[in-house]
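Got a structure here, written out as structure tokens. Questions coming.
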Amino acid sequence: MDILPGQGLTLKPRPPFSLELTAGYHTYFRGDYGADTFSDGTYRRLWHREGKPLLATVASSGTTDAPELRVEVRGSQINEDDGRFAVERLAWVLATDADLSGFYSLAQGDPLLAMATQKLRGLHPPHTPTVFESLALAIAGQQVSSVVARIIRTLLIQSFGASHFDGRTYYDFPSPEALAEADMAGLRQAKLSARKAEYIQGIARMVASGSLNLEALRGLSQGEVVERLTHIRGVGRWTADWVMIRALGHPDAFPSGDLALRRTLSLLCLGGRPLTPKEAEDFSGRWSPYRSLATVYLFAASRLGLLPELAQVR
DNA sequence: GGCCAGGTTCGCT
DNA sequence: AGCGAACATGGC
């Protein structure tokens with residue numbers, strides 16, 4: 001077990017940045033969720049590089065306006081390249097380079113967002129390490145309630161993403177290879193429906209075999225991403241929207257089919273009157289070209305129980 | 001026990 | 001194009 005490097009790495013996010021909010025979001029502000037852990041001010045996440053497990057821990061050593069993160073990387077026989085890899089991953093996962101200024105300017109002219117950005121100042125849009133991870137997570141969570149989604153996702157990660165070192169068990173998101181080789185019974189034990197198991201395994205097999213390169217979606221326009229993703233069996237518009245927000249870091253995606261998002265919109269903006277996906281889409285136009293951040297802030301507010309306060313704004 | 005949840009596909013009109 | 005059913009499962 002090595003710790004890298006002795007003197008400690010630092011990461012300087014673009015201010016304002018709140019580790020509490022950004023890392024917290026990964027766990028739905030509950031301490032842990034799947035492979036992500038955030039407790040006692042420390043964010044932990046494991047992933048693999050060239051088959052080697054790397055455990056990164058991050059704690060804040062600055063403030064929201066002068067942010068600085070202390071990073072530690074652990075693993076066996078790790079080298080400086082592993083360290084660089086880990087820091088790069090962290091920068092992406094915590095979106096440390098994200099520029100919030102345009103969104104915050106827009107928010108000044110929108111009472112609801114003004115309140116949300118004030119409450120959630122420094123929240124950067126959290127990203128999944130890989131496109132595959134967000135895609136599989138999204139499919140696992142299709143249609144079911146967030147409570148059920150959490151159960152299914154956690155089981156999936158615990159069943160296929162375990163990694164052992166230093167006498168402990170840690171979890172990474174399962175590799176495409178692991179899910180490609182999984183037997184149907186195992187996937188069903190993770191409470192996936194036969195259909196979802198089939199979707200996820202199908203994608204895992206294509207990625208593992210090299211016939212589908214999800215990482216190549218980076219750099220394509222939103223329209224192209226939607227086009228390509230929705231051609232994959234099991235992936236509809238909702239799933240593509242979430243992948244663009246969570247994995248690709250697109251600025252202006254909006255999952256207008258999302259029931260939770262529509263309910264939030266209904267409560268905060270329409271006094272409880274239900275709205276259709278089309279209406280939600282039209283409504284979201286006012287937040288363009290920052291609709292991804294608007295979505296992230298609304299979900300963060302919801303998970304932190306801030307919706308009642310925000311509902312007062314209008 | 002029935003119905004609804006952070007959808008998607010498939011088979012009908 | 002648009003509509004309904006099926007799909008698993010937890011919670012109210």
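Order of the sequence lines sets the chain letters (A, B, ...), proteins ahead of strands, with each chain counted from 1.
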For the pair A:L307 and A:T264, evaluate side-chain contact (heavy atoms from CB on, under 4.5 Å) and give the outcome as yes or no after the intermediate values. CA-CA 8 Å; A:L307 293 189; A:T264 299; 3.9 Å; yes
List in numerical order all residues of residues 224-242 of chain A for which some heavy atom is under 4.0 Å away from an atom belonging to DNA chain B. A:I232, A:R233, A:G234, A:V235, A:G236, A:R237, A:W238, A:T239, A:W242
Determine, for A:E279 against A:R262, whether the closest basic-nitrogen to carboxylate-oxygen distance falls under 4.0 angstrom. no
For A:T37 and A:Y43: C-alpha separation, side-chain torsions, deciding distance, then whether side-chain contact (heavy atoms from CB on, under 4.5 Å) applies. CA-CA 6 Å; A:T37 305; A:Y43 174 67; over 6 Å; no
Non-hydrogen side-chain atoms of A:L21 and A:L304 separated by less than 4.5 Å: yes
Quick one: label A:R150 by what it contacts on the DNA or RNA (base, sugar-phosphate, nothing), any heavy atom closer than 4.0 Å. nothing
More than 12 foreign heavy atoms under 6.0 Å from CZ of A:R303: is that the case here? yes
Heavy atoms within less than 4.0 Å of DNA chain B: which residues of residues 247-262 of chain A have one? Give them sorted by number. A:G257, A:D258, A:L259, A:A260
What about the rings of A:Y28 and A:F299, do their centers lie closer together than 6.0 Å? no
Is A:R286 positioned over the aromatic face of A:F283, cation under 6.0 angstrom from the ring centre and no more than 45 degrees off axis? yes
When the aromatic ring centroids of A:F38 and A:H26 are compared, is their separation below 6.0 Å? no
Counting primed atoms plus P, OP1 and OP2 as sugar-phosphate and everything else as base, spell out the protein contacts along nucleotides 7-12 of chain C at 4.0 Å heavy-atom distance: B, S or - for each nucleotide, 5' to 3'. BBSS--
What residues from residues 272-283 of chain A pass a heavy-atom cutoff of under 4.0 Å to DNA chain C? none
Got A:V131 and A:M244 here, is their nearest side-chain heavy-atom distance under 4.5 Å? no
Take atom C1' in B:dC3 and the same atom in C:dA6, then report the distance between them in whole Å. 16 Å
Parallel, tilted or perpendicular: which describes the rings of A:Y25 and A:F29, with under 30° parallel and over 60° perpendicular? perpendicular
Quiz item: cation-pi between A:R89 and A:F85, 6.0 Å / 45°: no
A cation-pi test, strictly: NZ or CZ of A:R218 under 6.0 Å from the centre of the six-membered ring of A:W92 and no more than 45 degrees from its axis. Yes or no? yes
side-chain hydrogen bond (donor to acceptor under 3.5 Å, both in side chains) pairs touching residues 180-193 of chain A, sequence neighbours excluded, are none
Under the criterion salt bridge (Lys or Arg N to Asp or Glu O under 4.0 Å), I'd like the reasoning laid out for A:R44 against A:D36: C-alpha separation, chi angles, the key distance, then a yes or no. CA-CA 6 Å; A:R44 291 188 180 73; A:D36 295 289; over 6 Å; no
Pairwise P distance for B:dC4 and C:dG4, with rounding to whole Å: 14 Å
Just checking A:R150: does its CZ atom have more than 12 heavy atoms from other residues, nucleotides or ligands closer to it than 6.0 angstrom? yes
With a 4.0 Å cut-off (strictly under) to non-hydrogen atoms of chain A, the first and last hit nts on DNA chain B, 5' to 3', are B:dA5 to B:dC10
